[in-house]
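Hydrogens, waters and symmetry mates are skipped; everything else that's a heavy atom, side chains included, is used. Order of the sequence lines fixes the chain letters, A, B, ..., with proteins taken first and strands second; residue numbering starts at 1 for each chain.
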Amino acid sequence: MEYLIGIQGPDYVLVAADNVAASSIIQMKHDYDKMFKLSEKILLLCVGEAGDTVQFAEYIQKNVQLYKMRNGYELSPSAAANFTRKNLADYLRSRTPYHVNLLLAGHDESDGPGLFYMDYMASLAKAPFAAHGYGAFLTLSILDRYYRPDLSRDEAVELLRKCVEELNNKYRMVLVVLIRTQPGHQVGMFQTKVQKHAGLQRFGSDPVHQVE
Amino acid sequence: MALEDICCFKDKPTQQLFPFPALETDYHNLELERLKTSQTNWGDPQHIFIPPFPQATPFISRRTSRFRPPNHALTVQRPFPLSHGTTTLGFIFQGGVIAAADTRASAGGLVACPAVHKITPIHSHLVVTSSGSGADCMLWERILIREIRLYELRHKRRLSIRASAKLLSFMLHPFKGTDVCVALTLCGWEKEGPQVIYVCSDGARLQGDIISVGSGSPYAYGVLDGGLSWGLSKEEAISLAREAVFRATHRDAYSGNNVDLFHIDAQGWIQRPREDLKEEYYRELERRSKRRREKKKRDTIESS
């Protein structure tokens, strides 16, 4: 089962997703990337029904890029999240709804970091931390217990490590995905450096592999 | 939806109210009207003849089923159970791509045809293995060949394999949720190297190193995952593919008869002669009995 998690800090958002693409009982791919880069500042994580995820996420991605081309400036994360939700809502009551669950993570100069939780019913919530999938049942309580708004980067990664450890403990399916495969968790992070513009920093697999 | 607009698939508002007693005749009229407009296929290259979705479901039941599970097919009942009995596989290694498939076409419990071609060449460096409904696969292979050839003629260069897979995936998207069932694996070579991409009518599009599809695929994966490495020689890779299909056909009732093997490298695809898996089975029996005899001999030597 697929899993997404996001943790927002004072000046960054930490997001992670599992790497398995499965077809019923068979894991067809162990290095599948569920993150879609909408712009330099926004990342969309998408899980759900097989074809719908890529179709919908690419549709949003191309539209966000088109906005930038047309208007000369990028959509803010909040605007992108609302645009995504609107599309989900429009298709929900059509003949072909998209069955996708999303996390949108972004960093804005004016608003700061933002994590947006969306699900297939076209709900939208800006949250300090969020998770999708069966793994969410196990990890949301850990996030509730240990999350603070002023977490440092290392503390956030440590919190993520706690979640991953719990998943390995209680949720055998995710064990194979998160730890054993080489890329493990793809961890993406946004930050704003004081002088420079926001950028995406991708960990290898080092922080997560400390669990082993 | 957006793709429907691009594909010029205009859903006629036939779900509107019309009086029930006149249901039959209206349905027929609308059907004919739909067929007529679909004849003009030449204008838009993306315009494919969409089969008329049965609008015979009464208006009332359609409304209440609004929150049905997504992609619940509003189609008629199948006349007989479809089974996607097959074993196809494709993998990449240093010497290119191997594509292998069995040759049995089953319809329920019947072996409808023991000698089907499940691997079809698209162009000189791309083959596609098919799984799912035989009729659908045949049609979609032809459509894919046509579209790739048209692109080549129009733009004077060949589509990459990833682009071909994306094109196929987008062409199949309007049929998601209907009974169209195709699971194709594009296996090919391009200058970036060998590639295997799985495209399914559910919408999945996955590039991988090993892809196996069909009812026999778990058995094939078991053999492939253990034996495959990048540095295999061509002969070793072919015998591994043959072994994988053989093991799958041995365990899976819906796969069997013969095995087709294709090898694709920088020079293009080469088809090996079709091999009867019955021979492989007897060779396996022979190997087993030989091993047993040798073991017995060793044991008697050791004990004496």
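Side chains of B:Gln207 and A:Asp31 form no contact here, defined as non-hydrogen atoms less than 4.5 Å apart. A:Thr96 places none of its side-chain heavy atoms less than 4.5 Å from the side chain of B:Lys176. Annotation: side chain of B:Tyr221 is not in contact with side chain of A:Gln27 (no heavy-atom distance under 4.5 Å). Within the 4.5 Å cutoff, no side-chain heavy atoms of A:Met28 are placed close to those of B:Ile210. Under the 4.5 Å side-chain criterion, counting only non-hydrogen atoms from C-beta, B:Ser169 is in contact with A:Gln55.
In this structure, CG on B:Asp202 lies 7.5 Å from OG on A:Ser23, to the nearest 0.5 angstrom. One distance of note links NE2 of B:His173 with CG of A:Asp52; it measures 6.0 Å at 0.5 Å rounding.
Residue A:Lys62 places its NZ atom among more than 12 non-hydrogen atoms of other residues, nucleotides or ligands, all under 6.0 Å distant.
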